[in-house]
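For the numbers below, each heavy atom of this structure counts, side chains included, while hydrogens, waters and symmetry mates do not.
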Amino acid sequence: MADNATRDGTAAAAGTDPIAIPEGYKVLQEGRAKILQKGNDVFYNEAQVTNRDLSVAALKLFLRRREAERANRGAGGAGKGGGKKGKKEKGAPQQQQQQQQQQEQAKEEELQQGEGAPGAEEAAGAAAAAAAASQDTDAGPQGAADSGAAAPGGPSAPRATSGSRQPARPRLLEGLAATGLRSIRYALEVSELGSIDANDLDPGAAVAMRRNIDLNGGAAAAKIRPVCADARMTMLQNPGAYDIVDLDPYGTPGFLLDSAVQAVADGGLLMVTATDMSNLCGNNSTACFANYGSYPVHRPYCHEMALRIVLACIETHAARYKRHVEPLLCLSIDFYVRLFLRVRVSPAAVKDTSTRLAHLWQSSGCDSFWLQPVGQKRVQNGSNKHLPGNGPPMESVRCPETGSGYLMGGPIWSGPLHDQAFVQELLTEFDEGGTARYAQAVKVRGYLLSAAAELPDVPLYYNLHDIMQRVRATPPKTDVFRSALVHAGYRVSGSHACPLAIKTDAPPSVVWDVVRCWVRKNGVSAAAVRDPESYSAKLLAKEPSIEANFALVSSAITRRKEDKAPRFVQNPAYWGPKSRHGRPDQTRPQQQEGDAAAAGAAAAAPARGQKGKGRGKGKGGGGEQSGAAPPAEKGDAEMEAADAAGEGEGAEGRKRGAEGETTAAAAGEGKPRGRQEGGKGGGR
């Protein structure tokens with residue numbers, strides 16, 4: 001797997017770098033961008049290269065798609081209303097004419113005031129200087145922030161261009177830029193971008209950004225404006241001014257979402273990262289409810305539920321401003337979630353927001369779950385009527401399988417997570433670029449292949465090992481279990497969030513019938529039925545309503561033998577969250593000290609996939625599947641896949657996991673349970 005190139009200052013100075021490397025700094029290379037880094041003074045996490053590679057590719061494809069849409073509108077003469085017909089269309093020409101007149105008047109006033117357009121770099125620079133001179137704050141960074149402020153004319157004003165009716169080149173805001181690495185990569189690798197506002201509240205980060213921009217020179221210096229300001233104020237002062245807004249905070253993005261959905265232009269792209277997976281996955285449910293207005297449930301599907309919680313939060317924020325979101329791609333990666341969303345202005349679509357959200361009912365005695373829509377839409381006499389959702393969706397007030405009660409979670413997003421056409425375009429981009437262009441191309445491609453195969457209309461999933469552990473049975477191969485569901489007349493797929501996922505539209509009763517048939521075919525564990533009142537005994541006591549057929553069927557096979565592309569790629573050691581900037585980084589001691597011997601020892605440590613009889617006692621963080629899911633027993637058929645999806649709890653778990661691996665290896669006990677990689681804890 002390709003990795004980021006790291007060079008010391010001496011080696012960098014010997015090359016063609018245009019500036020001298022300050023003492024104590026080293027040059028880090030990622031993609032076409034270089035940055036200067038000294039310890040943990042400004043936050044930088046090498047594990048986020050997957051995030052940045054994916055973001056660069058997604059940004060390229062979005063800009064191409066949007067340009068094609070504008071070209072089609074210009075050629076076909078499609079109106080802003082998308083060709084809607086009806087009684088509202090009668091006064092549309094007059095309204096459009098009035099809007100155009102108001103926009104032209106606003107443009108003329110703006111030009112008379114001498115502010116210019118933010119799309120033209122010369123005018124933007126003049127506006128920045130004027131704003132900086134007129135304010136009693138930091139001259140450089142704050143002036144740059146003020147230069148992008150929206151004109152009183154509204155969101156349309158910043159999109160104006162003097163002397164031309166052509167749309168301004170795309171404008172991007174990175175709300176929390178830190179070193180500026182992401183913005184520099186955008187400037188150097190996405191030629192379609194016009195300008196980038198790289199914002200950070202920390203003055204030290206703003207200084208680091210300027211230093212790194214100077215290091216790269218060229219397009220980076222021409223396109224990027226460092227801004228030292230509160231990201232919320234920058235976005236609120238620029239409503240509808242940015243074609244793309246990228247938020248990658250340390251922890252939760254919840255406090256930024258309301259201003260972010262206002263700053264994105266109609267049809268623009270909102271990219272959001274959330275690293276507070278401990279909260280989103282249910283380890284700290286009160287914090288999740290405070291940040292996102294949704295209650296998490298700590299179950300094996302928690303990593304997909306984390307995506308849907310963040311997505312539901314963004315959708316409800318957007319609805320307050322007559323906007324809604326369209327997911328292009330939403331992935332759970334390592335220790336964070338990453339969402340790529342288009343923001344649309346449509347009061348009519350906002351009425352359907354409640355139909356895209358749902359509450360979760362989870363059995364407390366087994367893995368059965370049901371979704372209850374928040375709202376519903378009915379057509380009456382040719383018109384749409386929106387009503388509260390019906391519920392509860394279960395058969396009885398007690399779980400029909402175990403007789404237990406229920407846990408209630410949500411609301412969560414219940415619609416599709418991906419635009420399948422966009423996913424296929426991304427696959428093509430990574431196939432063409434490869435590791436020469438994207439260091440994490442192999443890993444990202446695995447996520448995309450898994451996402452492309454997901455059922456789009458089936459939220460959440462079962463974990464095969466977890467449901468079989470519930471009845472204390474050895475699990476079948478994934479393809480065998482999936483085939484039984486297909487034979488029963490239901491659809492089934494996997495999930496990018498877990499290699500053991502069973503995503504199906506079969507009701508819980510059918511899933512448990514397949515489990516019962518498998519157990520009866522292979523023998524019942526005495527421990528499972530020893531106590532008749534136990535949940536496992538109650539699950540097995542019921543007679544199955546179907547006779548499961550476990551013969552393999554082609555549509556249920558995860559992938560063909562000739563398909564050698566990996567889906568869940570192993571992470572390097574210490575590939576996870578990192579301490580906040582300014583604090584000693586305890587998560588990567590061998591990298592922090594720069595000790596080559598320690599790095600070599602870590603590389604020589606036993607790998608996760610080694611076979612053996614015993615287990616270490618460490619409880620570490622996972623690679624592809626991290627820290628919040630409860631542990632599940634591993635079956636022989638899926639052991640290797642499960643190893644790629646660890647179940648730790650964060651940085652402390654990683655430390656204990658590394659110790660557990662060392663102890664187990666020294667004792668000759670073989671495969672430990674501990675993990676070295678980063679769990680989905682709260683932090684990047």
Side-chain angles (χ1 to χ4, degrees), residues 31-33 52 54-74 80 116-125 127-128 144-145 147-151 155-162 164-175 177 180 182-199 213 218-227 231 234-235 237-248 260-272 323 325-326 328-329 340-345 419 422 425-426 429:
R32 295 173 57 188
R52 292 184 285 266
L54 181 60
S55 299
V56 169
L59 182 55
K60 288 180 181 179
L61 296 182
F62 162 73
L63 292 175
R64 295 173 193 169
R65 175 179 284 197
R66 195 174 191 197
E67 185 62 29
E69 291 173 353
R70 287 175 172 172
N72 291 336
R73 284 199 301 267
K80 186 177 180 181
E121 293 185 6
E122 296 82 357
S147 69
S156 60
R159 312 306 308 155
T161 55
S162 58
S164 173
R165 292 186 179 275
Q166 295 296 325
R169 297 193 69 192
R171 187 181 180 200
L172 182 145
L173 168 69
E174 184 184 2
R182 189 182 298 259
S183 290
I184 295 171
R185 287 198 62 182
Y186 290 159
L188 297 178
E189 300 178 36
V190 186
S191 59
E192 296 87 350
L193 276 176
S195 63
I196 301 171
D197 289 347
N199 182 93
I213 292 170
K223 291 184 178 181
I224 303 174
R225 293 194 295 266
V227 180
T234 300
M235 291 185 286
Q237 292 170 355
N238 292 269
Y242 293 102
D243 299 278
I244 307 102
V245 172
D246 191 341
L247 302 177
D248 186 13
V261 295
Q262 300 179 67
V264 183
D266 185 12
L269 179 65
L270 176 61
M271 302 186 284
V272 178
R323 296 177 166 221
V325 297
E326 296 176 357
L328 294 179
L329 179 68
F340 300 87
L341 314 171
R342 294 200 70 172
V343 179
R344 304 280 192 182
V345 177
D419 181 330
F422 190 78
E425 292 172 9
L426 276 173
E429 172 68 19

Where [X] and [Y] come nearest, the two heavy atoms and their spacing:
X	Y	answer
Val343	Val325	CG2-CG1, 4.3 Å
Ala187	Ile196	N-CD1, 3.7 Å
Val264	Val245	CG2-CG2, 3.6 Å
Ala260	Leu270	CB-CD1, 4.0 Å
Ala33	Arg185	CB-CG, 3.6 Å
Phe62	Phe422	N-CE1, 4.1 Å

If only atom types and distance count, is the side chain of [X] paired as donor or acceptor with the main-chain N or O of [Y] below 3.5 Å?
X	Y	answer
Asp243	Arg171	yes
Arg323	Val261	yes
Asp419	Leu328	no
Glu174	Ser183	yes

**Request:** Evaluate the side-chain contact (heavy atoms from CB on, under 4.5 Å) criterion for residues Arg182 and Met271: first the C-alpha distance (whole Å), next the side-chain angles of each, then the deciding distance (0.1 Å), finally the verdict.
**Result:** CA-CA 12 Å; Arg182 189 182 298 259; Met271 302 186 284; over 6 Å; no
**Request:** Using side chain to side chain contact (heavy atoms under 4.5 Å, CB included) as the criterion, point out the one residue from Leu172, Ile224, Leu173 that pairs with Asp197.
**Result:** Leu173
**Request:** Calculate, to the nearest 0.5 Å, the distance between atoms CG and CZ belonging to Leu63 and Arg169 respectively.
**Result:** 9.5 Å
**Fill in**
So CD of Glu69 and CD of Glu67: to nearest 0.5 Å the spacing works out to 10.0 Å
**Message:** What verdict does the salt bridge (charged side-chain N to carboxylate O under 4.0 Å, His left out) test give for Arg64 and Glu429, after you've listed the backbone C-alpha separation in whole Å, the side-chain angles of each residue and the deciding distance to 0.1 Å?
**Reply:** CA-CA 12 Å; Arg64 295 173 193 169; Glu429 172 68 19; 3.7 Å; yes
**Side chain to side chain, Asp246 and Leu59, heavy atoms closer than 4.5 Å** = no
**Request:** Check the pair Arg66, Glu192 against salt bridge (charged side-chain N to carboxylate O under 4.0 Å, His left out), reporting the backbone distance first and the verdict last.
**Result:** CA-CA 11 Å; Arg66 195 174 191 197; Glu192 296 87 350; over 6 Å; no
